[in-house]
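Everything on this sheet refers to the single structure shown next.
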Amino acid sequence: MKSVNFVDVKDESAIFDGQGWDALIVVTHTLKGIPVDEVRLFAEHAASVDNRVGQSTCLLLAPGLAGGKLIIAPVLQVDDDYQDVRIYSDAAKAGINMAQASGALKPILMVIEANDERFQLADNVSALACAQALWQPLEKREAGKVPESIVEIGLFTSNKRGHKLSAIEAGRQLARDLCGTEPERMSAIRFSYYCQAAFEGSAIGIEVIDNIDLLIHDYPLLSAVARASFAVPRHHPRVVKLEYCGEGEITRTFLFAGKGVIYDTGGADIKVAGGMAGMSRDKGGAAAVAGLMKTLSLLQPKGIRVIAQLGLVRNSIGSDAFVTDEIVTSHADCRVRIGNTDAEGRLVLADLLSHLRIQAKSAPHPQLYSVATLTGHVVRCYGGYTAMVENSVAKHAKVGVHIQQQAQKWGEPIERSSLRREDFNKIIDPSGAADVLSSNNGPSAITARGHQYPAAFLLKASGLFDHGLHADLPLPFTHIDIAGSAVEGHPHYGSPTAAPVVSLINYILEG
Ligand SMILES: [Zn+2]
């Protein structure tokens, strides 16, 4: 299945039969405001005999229009101050699902934006929502169980935006495939192969570290998590390094660490009482970062360099599993006492961030990030929203504010949390034997500040703590927790969302 391709349709005549388009979907808060007379008349006539038109998604027989089908997908609640652009996503998803169910294969999407700053990108957001609704799981595709479906959508538009949206969607599809696939099909090794295939011949450099001795030496915390998987060769860990270097003088550098826990049993602190189902999606951070790189490879923005490290590891359980109380020295030479083996994501990220820290030292205007399905606490705290936790330098530079603005416009809202002194107190090893304690020994969901304090750990264990506002070389770092937003729908088996790819790519491009 190719990712959905968006084509700009500028000419009104395409709405009327004959150019291969086979349905028209109108996403609108008003029937009166539909700009094409014939389309508006169809809708208004239908509404005069059926109260549902304009209130719920309807398919109208429309001779003379593309495919003879007009789908009106109403946007409700535009006057509700607490709604955001996602009311357009909801309408667009309902519209594209109806188009698909009706047998359409090449619909045109027309979006009428309400005159409100909140909805300024409603056309783009609606288009991406259609693609999200159309995605099918990789396992199902590979089993040949997906019937012919929509792979091209015409965007009735006066702007050129099809190319950008297609590139974003290609990245999101890669992210969904990597995140959503079961743990054997998308083991660490096969995840790395999937990335190699996705970036072959592209503008992205890729290197895969597959030597276990090298991983143990260079990524000691990651390798502690992976230890129980060493006995099973097909479950071995990998680190995937990706790099994009745009044309021209590099003026900004973005460095991303992605958590790719292929499957999280919890390790020796095993997840019990059914808490393990869905844990193949614990690789959503690495998946999102790979997706972001895919979009970059297609858009090829100038003047920036983007470096990523994906830590792919299975948190297995077995006789050689790492256990609590062990003290492991991180790549940044921080001695970490393991507080809970189910708090493994921060261990993986800390080593990746330490490598990125070294690269950042000589990079023009670096910004560091970690992206991870990290905590149950963020889900308890914010529900389905992404959270950001900035270090002092990123906060001072308003990194989070700027990402949040893009996120809001693009219908992928993000909450900002603050890192506070109590967060650093939580990672003190009470025995004094180690430099830090990785976590408390209880579920994060019932731990106060359970999604904020891991950022304190990441700073200490990666060495980034020494690059604060008053250091010789301050380094901005933003930790992004997507545990609540990586999947929508069913808590274990819902569709991956590829969050926060849309927010990050637009933040990078808007610069
Ligand atoms: Zn875990």
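As the structure lists them, so they are numbered: ligands from 1, and atoms in each ligand from 1. What you see is a predicted model, and the numbers here were worked out from it, not measured in a lab.
- At a cut-off of 2.8 Å, measuring from the Zn ion (ligand 1), the protein N, O or S atoms that fall short of it are Asp264 OD2, Asp342 O, Asp342 OD1, Glu344 OE1, waters left aside.
- Atom CZ of Arg380 has 12 or fewer heavy atoms from other residues, nucleotides or ligands within 6.0 Å.
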So Tyr219 and His355, ring-ring contact (aromatic ring centres under 6.0 Å, His included) or not? Walk me through it. CA-CA 9 Å; Tyr219 298 85; His355 286 266; 4.1 Å; yes

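- Taking both residues in full, the closest heavy atoms of Gly468 and Val393 are given as C-CG2, 3.6 Å, listed atom of the first, atom of the second, then distance.
- The closest donor-acceptor contact from the side chain of Arg335 to the backbone of Ala433 lies under 3.5 Å.
- Under 3.5 Å, the side chains of Thr386 and Ser485 contain a donor-acceptor pair of N or O atoms.
- In this structure, the side chain of Asn391 engages the main chain of Phe477 through a donor-acceptor pair within 3.5 Å.
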